[in-house]
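Encoded as structure tokens, the structure appears first; notes follow it.
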Amino acid sequence: MLNIVLFGPPGAGKGTQAEKLIEKYQLVHLSTGDVFRANIKSETELGKLAKSYMDKGDLVPDEVTIKMLESEVGKYAYPKGFIFDGFPRTTTQAQALDKFLATKNLSITMTLALEVEVEELTKRILLRGKESGRADDQDEDIVRNRVKEYNNKTAPLKDFYLKQGKLKTLHGSGGIDNIFTELCRIIEANAKIV
Ligand code: AMP
């Protein structure tokens with residue numbers, strides 16, 4: 001199985017690239033942000049809880065997020081692999097993911113990290129907010145807090161995957177198609193694709 005963590009700050013283009021990768025490699029796309037937004041839309045208890053954090057640009061607590069992710073993974077019987085988009089975002093989540101996958105005799109194949117300058121991120125997110133209508137994409141203070149959360153809690157995960165020999169870093173700017181080509185090159189150089 002090909003299990004990829006698509007890693008990077010908010011606005012790095014993870015969702016866009018994930019859409020292209022799942023099509024090419026027939027993988028399951030698991031975006032924790034998308035699942036939270038679906039729960040908010042259908043007004044579930046999980047949605048209400050997640051919203052109270054997302055509206056501020058804070059991370060949703062680990063316990064809730066991990067439980068949700070594990071239940072999402074469990075929905076697929078024989079997938080070719082997963083693209084984890086926006087998960088893990090803390091060391092606790094990364095450890096939980098490894099442990100959970102191990103119970104299924106699975107593991108992360110590689111972590112692909114998209115790197116983009118902070119100023120570029122803020123610009124991209126505010127622009128996306130105009131089209132998507134996502135509340136957390138429209139307020140500059142919330143956007144800056146999301147980037148801060150990323151720098152404080154998520155960026156240290158690069159070290160976690162580096163130590164496992166799984167981290168592959170690339171620039172997340174320079175055109176969607178060029179980045180996609182580079183991602184595919186890295187994947188095919190580092191994984192056995194069947
Ligand atoms: P995203 O769509 O990935 O940008 O996520 C939007 C928001 O959902 C984030 O700002 C967090 O509030 C929340 N969120 C998504 N994924 C996670 C996660 N793995 N851990 C904690 N919060 C998350």
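Note that these values count all heavy atoms, side chains included, but never hydrogens, waters or copies made by symmetry. Not measured: the values here are computed from a predicted model. Whatever order the structure lists ligands and atoms in, that order sets their numbers, starting from 1.
Residue contacts with ligand 1: Gly86 is placed with a nitrogen or oxygen under 3.5 Å of a nitrogen or oxygen of the ligand (distance criterion only). Considering backbone and side-chain N/O of Pro88, none are found under 3.5 Å from N/O of ligand 1. The shortest N or O to N or O distance between Tyr53 and ligand 1 is not below 3.5 Å. Ligand 1 has a nitrogen or oxygen under 3.5 angstrom from a nitrogen or oxygen of Thr32.
Using a 4.0 Å cut-off between heavy atoms, Glu149 makes no contact with ligand 1 at all. With a 4.0 Å cut-off on non-hydrogen atoms, Lys14 does not touch ligand 1 at all. Contacts of Thr65 with ligand 1, taken as heavy-atom pairs under 4.0 Å, involve the side chain alone. With a 4.0 Å heavy-atom cut-off, ligand 1 is reached by the backbone of Asp58 but not by any atom from C-beta on.
Of the candidates Arg89, Lys153, Arg146, the one placing a heavy atom closest to atom 1 (P) of ligand 1 is Arg89.
Within the structure, ligand 1 has Arg134 among the residues with a heavy atom less than 4.0 angstrom away.
The hydrophobic cluster containing Leu106 also contains Val5, counting ILVMFWY residues as joined when their side-chain heavy atoms lie under 4.5 angstrom apart, directly or transitively. Met68 and Phe100 fall into different hydrophobic clusters, where Ile, Leu, Val, Met, Phe, Trp and Tyr residues are linked whenever their side-chain heavy atoms come under 4.5 Å apart, directly or through other members.
When each atom of ligand 1 is checked for a heavy atom of Gly33 under 4.0 Å away, the hits are 2 (O), 5 (O), 15 (C), 16 (N). In summary, the atoms of ligand 1 found under 4.0 Å from a heavy atom of Arg37, numbered by their order in the structure, are 2 (O), 6 (C).
From the protein, the heavy atom lying nearest to atom 20 (N) of ligand 1 is Gln93 NE2, 2.9 Å. Closest protein heavy atom to atom 13 (C) of ligand 1: Met54 CG, 3.7 Å. Of the protein's non-hydrogen atoms, the one nearest atom 23 (C) of ligand 1 is Phe36 CE1, 3.8 Å. Nearest to atom 22 (N) of ligand 1 among the protein's heavy atoms is Val60 N, 3.0 Å.
Rounding to the nearest 0.5 Å places OG1 of Thr154 at 5.5 Å from CG of Leu59.
Using a cutoff of 4.0 Å between basic side-chain nitrogens and carboxylate oxygens, Glu119 and Lys123 are not scored as salt-bridged.
A distance-only check finds no donor-acceptor pair linking the side chain of Asp136 to the backbone of Asp55 [under 3.5 Å]. Although no hydrogens or angles enter the test, the distance criterion places a donor-acceptor pair under 3.5 Å between the side chain of Thr32 and the main chain of Gly86. With hydrogens and angles ignored, the 3.5 Å screen pairs a side-chain donor or acceptor of Asn145 with a backbone N or O of Lys56.
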Please list every donor-acceptor pair under 3.5 Å in which a side-chain atom of residues 92-99 meets a protein atom from a residue at least two apart or in another chain.
from: Gln93; atom 1: OE1; to: Arg89; atom 2: N; distance (Å): 2.7
from: Gln93; atom 1: NE2; to: Asp62; atom 2: OD1; distance (Å): 3.0
from: Asp98; atom 1: OD2; to: Gln164; atom 2: NE2; distance (Å): 2.8

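Partners of Lys48 according to the salt bridge (Lys or Arg N to Asp or Glu O under 4.0 Å) rule, which considers only residues two or more places apart in sequence or in another chain, are Glu45.
The aromatic rings of Tyr150 and Phe7 sit tilted, their planes meeting at an angle between 30° and 60°.
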